[in-house]
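Letters A, B, ... are given to chains in the order of the sequence lines, protein chains preceding strands, and every chain is numbered from 1.
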Number of protein chains: 2
Amino acid sequence: MPVAVSPTEKFREFLVTRNQRLTPERRITVEEVFADHEHFDVETLAERLAAKSDGRRVSRSSVYRHVAAMEEAGLIRKIARQDDRDLYEHAYGYPHHDHLICRETGELIEFRSPELDAILERVAAEHGFRVEGHRLEVYGLSREARKPRRRRHSKLDRV
Amino acid sequence: MPVAVSPTEKFREFLVTRNQRLTPERRITVEEVFADHEHFDVETLAERLAAKSDGRRVSRSSVYRHVAAMEEAGLIRKIARQDDRDLYEHAYGYPHHDHLICRETGELIEFRSPELDAILERVAAEHGFRVEGHRLEVYGLSREARKPRRRRHSKLDRV
DNA sequence: CTACCTGCAAAAAGTTTGCAGGACA
DNA sequence: TGTCCTGCAAACTTTTTGCAGGTAG
């Protein structure tokens, strides 16, 4: 099922409901965020937007404001905290999923598990709780990290 | 299997491995934390410890230092972020579990699900990932929050 | 004209750190 | 004596906010 409306358009629709406009700054911000499917944190995004050489820069404070709006619009979602920063990912046009997070390499491996969702629903129901969403971070070691010393930046590499 | 060693003693053992001592301040901090099974954030804990009328107060910075140490010792664990503060809970003498978090009341309902753990193991294995732990926060509405008592402030009213 | 917007600088809030004086082995 | 420790204040980081000027309809 294809995404019928672009994130930018979706954002505009959301803004309308609040009597707000899709300004150039807002457009630039959404487009930068949806230019790829990478996770991001606001600071980094702001740096990227501030570095634009053409007249397309957006101030840090505005980036924070726009990211907050995009989250309220349901375009993006907070997935974790990394190095004291909130990490975001696309929520629009991207199915919900969870993450395996490697403590060694920082890798984020995405996975989907309907079974998991089902269990949560059931457990929640047992507690009279209505699920609206969840955030799951599984910590451990990725295959990559466990590879027996292969070009990995380990101080223990024999010199 | 019963907890053979008290948290305080456990903390002492950990400190020894780093050539550190269980000072009065450290002892007071661990004891305060394990005085009940409630979740806590450092700021609140620090306030409690600063308010002690007897000569048992501990400065905020030390509380931060001690809490960090206790986490490294495996006595406590970070479970979520609430109101911009890290929230901790006991990890020692308390079986691992996850939480249903009410977005309305802030309630934290604990639950355990071996099935969930099993699924995570399986999914992880499929990705060559070795699980060491996880953090799961399920958001939604608790029964309490859904009780149809007098007008709860909701933007969705009469839309 | 009347919102809505933006960038800047300053402010918040949580957390960390440098430092001088103490304490303990 | 030589570490380890603590409290205090200052520093830091990320994020938010006040404000003055700008812009669109």
N/O to N/O distances under 3.5 Å, protein versus nucleotides 22-25 of chain C:
none

How close or far is atom [atom2] of [N] from atom [atom1] of [X], stated in whole angstroms?
X	N	atom1	atom2	answer
B:R12	D:dC4	CZ	P	18 Å
B:Y88	C:dG14	OH	C1'	11 Å
B:L15	D:dC4	CG	P	12 Å
A:N19	D:dA24	CG	C1'	14 Å
A:E25	C:dC4	CD	C1'	12 Å
A:R27	C:dC5	CZ	P	14 Å
A:L49	C:dG7	CG	C1'	14 Å

Q.
Name the residue from A:E38, A:E32, A:E43 that meets the salt bridge (charged side-chain N to carboxylate O under 4.0 Å, His left out) definition with A:R48.
A.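 Considering A:E38, A:E32, A:E43, a salt bridge (charged side-chain N to carboxylate O under 4.0 Å, His left out) with A:R48 is found only for A:E32.
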Q) Does the ring center of B:H39 lie less than 6.0 Å from the ring center of B:H90? A)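 No, the ring centres sit 6.0 Å or more apart.
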Under 3.5 Å, which donor-acceptor pairs link side chains of residues 121-130 of chain A to any protein atom two or more places apart or in another chain?
residue, atom, partner, partner atom, Å
A:R122, NH2, B:E115, OE1, 2.9
A:R122, NH2, B:E115, OE2, 2.8

Q. Once each nucleotide of nucleotides 11-19 of chain D is scored for protein heavy atoms under 4.0 Å, what B/S/- sequence comes out, 5' to 3'?
A. ---SBBBB-
Q) For A:A80, which residues count as a side-chain contact (heavy atoms from CB on, under 4.5 Å) partner, sequence neighbours excluded? A) A:E137
Q) Looking only at heavy atoms, what is the nearest atom pair of A:T105 and A:S142, with distance? A) OG1-OG, 4.1 Å
Q: Provide the closest heavy-atom pair for B:L116 versus A:L116 in the form atom of the first, atom of the second, distance.
A: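 Between these two residues, the closest heavy atoms are CD1-CD1, 3.3 Å.
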Q.
Counting only side-chain nitrogens and oxygens, does B:H66 get under 4.0 Å of the OP1 or OP2 atom of D:dC5?
A.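 Checking D:dC5 against B:H66, no side-chain N or O comes under 4.0 Å of OP1 or OP2.
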Q: Using only side-chain N and O atoms of A:S59, determine if any of them is under 4.0 Å from OP1 or OP2 of C:dC8.
A: no
Q. At how many degrees, to 10°, do the end axes of the helix from C:dC1-D:dG25 to C:dA25-D:dT1 meet when each uses five pairs?
A. 10°
Q. Would A:E110 and A:H37 satisfy side chain to side chain donor-acceptor pair (under 3.5 Å), going step by step from the backbone distance to the final call?
A. CA-CA 12 Å; A:E110 303 180 354; A:H37 267 301; over 6 Å; no
(Q) Under 4.0 Å between a side-chain nitrogen and a carboxylate oxygen: does that hold for A:E132 and B:R103? (A) yes
Q) Do B:R18 and B:E72 sit within salt-bridge range, that is, some charged N less than 4.0 Å from a carboxylate O? A) yes
**Q.** Whether A:R26 side chain and A:Q20 backbone form a donor-acceptor pair below 3.5 Å
**A.** no
Q | ring-ring contact (aromatic ring centres under 6.0 Å, His included) partners for B:F40, two or more places apart | A |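 For B:F40 the ring-ring contact (aromatic ring centres under 6.0 Å, His included) partners, ignoring immediate neighbours, are B:Y88.
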